[in-house]
Amino acid sequence: MLIVNAVEKMRSLADQYRNTGKTIALVPTMGFLHEGHLSLIRRARSEADVLVTSIFVNPIQFGPNEDLDKYPKDLQRDIILAQDAGTDVLFVPVAKEVYPENFQTFVNVKELTRGLCGKTRPNHFEGVTTVVAKLFHIVKPHVAVFGQKDAQQALVIKRMIDDLCFDVRMFISPIVREDDGLALSSRNKYLTPEQRRRAGILYKSLCLAREMIKNGEKDVSVIKKCMKKEITAQQGKVDYIEIVLPDTLQPVGELTGNILIALAVYIGETRLIDNMLLHLSG
Ligand code: AMP
């Protein structure tokens with residue numbers, strides 16, 4: 001596995017691969033890799049000749065009071081995990097090179113970024129789409145893989161790809177969970193053992209919603225209220241619970257067809273997100 005830090009080096013490598021007829025897959029991450037990331041890497045492995053995994057804790061997607069400075073890092077461990085999962089090139093750029101002093105151009109997907117996480121994290125998605133656009137230009141992938149764990153992010157990136165005519169095929173990989181259902185996340189590291197135990201409530205509340213719908217509950221507000229009650233009982237603080245259409249993220253009118261139940265919850269200081277897609281008949 002090659003480890004590349006310099007943007008120019010990555011660009012010229014990408015050109016070399018393309019000029020010799022090789023296809024490139026990209027898996028963008030912020031590092032501190034876990035099974036969720038590795039499932040994306042393995043998926044990407046089967047989609048192209050060369051697999052590039054990027055590790056970059058993107059400063060512009062963090063708000064002023066968020067966890068940029070304490071975001072977990074372990075590059076040595078990531079190198080081993082990324083290589084074992086089949087990465088050919090580990091691209092680890094430095095912030096100063098990605099955002100030189102006079103940097104002033106941003107990519108903004110307007111509507112899809114307004115609700116859900118966009119409410120509490122107003123500039124977050126602009127940071128995400130800007131860095132992903134840059135990564136696409138630097139790594140020149142034919143294919144990119146993102147996780148359903150960040151459902152809104154995946155939808156926003158898909159919109160950007162289509163709107164800006166990026167020639168990149170996007171795959172969305174399913175959520176990888178711990179035994180109790182907690183979605184794997186680098187931020188789970190912040191949880192104390194006691195908080196970690198309580199954090200299982202995110203997934204449990206999604207399962208509760210699924211169960212209520214299966215048993216005939218038709219009222220979205222009743223479902224949201226029950227989820228909130230369960231979460232609060234575990235001392236979780238609800239940022240949002242929404243039931244939306246998976247393509248537009250607009251609140252559902254009625255519970256039929258495809259729906260996305262999405263939530264963000266603080267367990268202690270740690271903000272965790274999760275979601276569940278349901279395909280309802282009737
Ligand atoms: P991050 O390092 O948190 O920015 O995540 C990098 C990529 O991994 C994103 O596309 C995430 O959606 C995806 N990802 C993170 N956690 C999981 C998970 N538990 N299951 C599947 N994909 C995940």
Side-chain angles (χ1 to χ4, degrees), residues 25-45 47 51-63 66-68 70-75 77-79 81-82 85-87 90-93 95 98 112 116-117 121 124-136 139 141 143-161 168-191 196 199-200 202-203 206 246 260 262-265 270-277:
L26 170 66
V27 177
T29 82
M30 298 206 297
F32 205 68
L33 301 180
H34 52 63
E35 262 311 309
H37 298 117
L38 300 181
S39 71
L40 269 55
I41 295 174
R42 289 188 203 107
R43 172 71 206 270
R45 180 63 283 172
E47 298 293 341
L51 169 53
V52 181
T53 299
S54 64
I55 295 182
F56 181 59
V57 182
N58 176 32
I60 67 165
Q61 72 184 63
F62 287 77
E66 293 182 354
D67 55 343
L68 174 62
K70 63 168 186 162
Y71 197 82
K73 287 185 189 62
D74 190 341
L75 186 57
R77 186 170 161 274
D78 286 353
I79 288 171
L81 291 173
T87 301
L90 190 66
F91 178 46
V92 192
V98 177
L112 289 171
L116 307 183
C117 290
R121 309 187 72 191
H124 169 69
F125 289 110
E126 186 179 76
V128 170
T129 39
T130 300
V131 80
V132 171
K134 291 199 65 148
L135 287 169
F136 284 174
V139 178
V143 171
V145 182
F146 295 86
Q148 174 64 22
K149 155 86 187 334
D150 298 86
Q152 187 176 16
Q153 168 176 286
L155 198 63
V156 166
I157 290 169
K158 179 81 187 97
R159 189 75 260 145
M160 177 190 78
I161 288 175
V168 177
R169 215 148 43 97
M170 176 177 177
F171 291 97
I172 300 177
S173 212
I175 303 176
V176 178
R177 301 181 177 282
E178 302 273 12
D179 287 346
D180 68 343
L182 177 66
L184 266 65
S185 162
S186 307
R187 290 190 166 100
N188 293 351
K189 180 175 161 50
Y190 299 145
L191 303 170
R196 168 65 193 82
L202 274 80
Y203 182 63
L206 289 167
L260 177 75
L263 77 176
V265 171
T270 305
R271 184 175 175 281
L272 300 174
I273 59 170
D274 201 349
N275 68 84
M276 187 181 274
L277 264 173

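Numbering starts at 1 and runs along the sequence shown. All values reported here derive from a predicted model rather than from experimental measurement. In listed order, ligands and their atoms are each counted from 1.
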Please list, in number order, the atoms of ligand 1 under 4.0 Å from a heavy atom of [X].
X	value
P174	20 (N), 21 (C)
P28	6 (C), 7 (C)
G147	9 (C), 10 (O), 11 (C), 12 (O), 13 (C), 22 (N)
T29	2 (O), 6 (C)
F146	10 (O)
D150	11 (C), 12 (O)
H34	15 (C), 16 (N), 17 (C)
I175	20 (N), 21 (C)

task: Search all heavy atoms of L263 against all heavy atoms of N275 and return the closest pair with its distance.
output: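 Heavy-atom minimum between the residues: CD2-N, 4.5 Å.
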
query: Of the non-hydrogen atoms in N188 and L182, which two are nearest, and what is the gap between them?
result: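 In terms of heavy atoms, the two residues are closest at ND2-CD2, 3.4 Å.
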
query: Just by distance, do the side chain of T29 and the backbone of S54 share a donor-acceptor pair under 3.5 Å?
result: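 Confirmed, T29 side chain pairs with S54 backbone.
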
- request: Kindly say whether V98 contributes a backbone atom to a donor-acceptor pair with the side chain of K134 at under 3.5 angstrom?
  value: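 Checking the backbone N and O of V98 against the side chain of K134, a donor-acceptor pair under 3.5 Å is found.
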
Among all the protein's non-hydrogen atoms, which is closest to [atom], and how far away is it?
atom	answer
atom 17 (C) of ligand 1	K149 CB, 3.6 Å
atom 4 (O) of ligand 1	M30 CG, 3.5 Å
atom 1 (P) of ligand 1	H37 NE2, 3.6 Å
atom 13 (C) of ligand 1	L40 CD2, 3.7 Å
atom 20 (N) of ligand 1	V176 N, 2.9 Å

[atom1]/[X] to [atom2]/[Y] distance, rounded to the nearest 0.5 angstrom?
X	Y	atom1	atom2	value
L155	R159	CG	CZ	8.0 Å
L90	I41	CG	CD1	8.0 Å
L116	Q153	CG	CD	13.0 Å
R169	F171	CZ	CZ	4.0 Å

field: Row check, Y71 ring normal vs R187 NZ/CZ: under 6.0 Å, within 45°
entry: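 No, R187 does not sit over the ring of Y71.
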
query: Any N or O on V145 sitting closer than 3.5 Å to an N or O of ligand 1?
result: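 Looking only at distances, the answer is no, because the N/O contact criterion of under 3.5 Å is not met.
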
query: Applying a strict 4.0 Å limit to heavy atoms, is A154 in contact with ligand 1?
result: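 Distance cut 4.0 Å: A154 fails for ligand 1.
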
- prompt: Between D67 and R271, is the closest basic N to carboxylate O distance under 4.0 Å?
  reply: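 Answer for the salt bridge query: no.
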
